[in-house]
Protein chains: 2
Amino acid sequence: MNRRLMRTYLIDLIKLGGGERLIRAPTTFLAIVFGVSQQTASRIINELCSNEYVYKTMKNGNLWVRVTEKGLAEVEEYIKYINDAYKHPGKVILMGYVTKGLGEGAYYISKRRYQIQFKDILGFYPYPGTLNIRLKDPYYISQNRFLRSLPGYRIKGFRTRDRYFGGAKVFKATIQGKVYGGVVYADRSIYGFDIVEVVAEQYLREHLGLKDGDEITIEVSINQ
Amino acid sequence: MNRRLMRTYLIDLIKLGGGERLIRAPTTFLAIVFGVSQQTASRIINELCSNEYVYKTMKNGNLWVRVTEKGLAEVEEYIKYINDAYKHPGKVILMGYVTKGLGEGAYYISKRRYQIQFKDILGFYPYPGTLNIRLKDPYYISQNRFLRSLPGYRIKGFRTRDRYFGGAKVFKATIQGKVYGGVVYADRSIYGFDIVEVVAEQYLREHLGLKDGDEITIEVSINQ
DNA sequence: ATTACTAAAAAACGAGTAA
DNA sequence: TTTACTCGTTTTTTAGTAA
């Protein structure tokens, strides 16, 4: 079953009290609550069960169910997402700590063929260097994973006499609520989902007085 | 498409910023966000659109969408439901005002064949009469509609020499957080979804000092 | 009473593709 | 590039029913 649907059924079970204790839940009863047939209700519970979202047991011919910790976590994550959708529509908020990169950023960003494209997309020629941020916790890492799955604006790769310079995608962003810039994901990035690279017109470390380990917030625009 | 699913896609659109303004949303992009194919994303938007949850328009070959007021209301109702699921698991809260019924309640409740069944289910012989409550607003009416759709405990009808006394269903309830009782729905109820009938061992008007128009809260247990 | 299997019907999906 | 149609395939659903 669809994960989207599973969540909604879990919420229904929580409404019935199944988030805090074992509840008697005959499939005929669940059918009414879920708005499906008895057979489908039976199958839903079994699928939730095989995903370990729900614990079920039979007591003298009756089904009793309880949402597991995993199921509750699944719903809570979804509630977080909904809250975030209302709090930060059109944006992904990333928080982390300033960290040293491998220093390659400067070399790449300075390439004229990249500079022109950044100017087209972001409206400025970026400072030759990237600010690397190590994300704070798994929540922001998952947010980053979501962001990175989106297309963003395309930066095309190019070929010189010597070698090939790979493509990238970039998202418009605001750093510390003050500076306009971009978040860049190189197609062949050496970083995992815990690191993001930020570009801006200014040298951010100086402009914002940042040093390694300083906490930093980036508000990234989802839309194109 | 399933209403459950529609809501989740609406939330995704709100996350993208489509709850507050028209956003550019090519179906290829939505496909990534929704986790479906481009064709399915296209179909989802068209279905949301034909349900008037979403307004869509084409600007030079690109799809732009915005969640409508109806769509936002749909999601907000769902968020209310989720909050309620966490706040009042296993219960439906009904609020309303004490109101005069048609006085028939006393006649029915006093019938011995009903009394015995109430005793079996609720544990007491109810006072011969029902307290009628006019629900406060559409929210509680919809809660009542949900409750009434559930099976509850069955009260069987019976036949006397003269006539047939119809069946009913009853839910365990707490009135004003103090008195234990039940909410009764006669199968052939003369009331709509804006009225509920409450029974208890005591004469509630006297016991709780209630008069017509007084606000009253009932906490109804969903489970069986 | 229950739950849940089977089989047939209905709905949803995505590849290919037209416009 | 887009969107969205057709159509074959897969998935989901429910009626009937056994246990």
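Just so it is clear, the structure is predicted and the values come from calculations on it, not from any experiment. Per chain, numbering begins at 1; letters A, B, ... match sequence-line order.
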Rounded to the Å, how far apart are Q39(A) CD and dG16(D) P? 10 Å
Quick one: do the N144(A) and Y139(A) side chains pair a donor with an acceptor below 3.5 Å? no
Using whole Å, report how far CG of N46(B) lies from P of dT3(D). 10 Å
My validator wants the stems of DNA chain D: runs of 3 or more consecutive Watson-Crick or G-U pairs, both distances under 3.5 Å, written as range with range. C:2-19 with D:2-19
Rounded to whole Å, the CG-P distance (L5(A) to dT11(D)) equals 15 Å
Just how far, in rounded Å, is P of dT14(D) from CD1 of I32(A)? 13 Å
Considering only NZ, NE, NH1 and NH2 on the basic side and carboxylate oxygens on the acidic side, decide whether E76(B) and K80(B) come within less than 4.0 Å. no
Looking at F193(B), is R148(B) sitting on its ring face, NZ or CZ under 6.0 Å from the six-membered ring centre and within 45 degrees of the normal? yes
Nearest-angstrom distance from the residue atom CZ of F29(B) to P of dT3(D): 12 Å
Can you name the closest pair of heavy atoms from I109(B) and Y127(B) and give their distance? CG2-O, 3.5 Å
E47(B) has an atom CD; how far is it from atom C1' of dA4(D), in whole Å? 13 Å
Check whether the side chains of T130(A) and N132(A) place a donor and an acceptor atom closer than 3.5 Å, and report yes or no. yes
Expressed as a whole number of angstroms, how long is the span from N2(A):CG to dT11(D):C1'? 11 Å
Distance in angstrom units between R3(A) CZ and dT12(D) P, rounded: 16 Å
Name the nucleic acid region contacted by K59(A), choosing base, sugar-phosphate or nothing; use a 4.0 angstrom heavy-atom cut-off, strictly under. nothing
Under 3.5 Å, is there a donor-acceptor pair between the side chain of K119(A) and the main chain of Y114(A)? no
Salt bridge check, R4(A) against D12(B): does any charged N sit closer than 4.0 Å to a carboxylate O? yes
Under a 4.0 Å heavy-atom criterion, DNA chain C is touched by chain B from dA12(C) to dG16(C)
Go through the side-chain N and O atoms of T27(B) and Q38(B) and say whether any donor and acceptor fall under 3.5 Å apart. yes
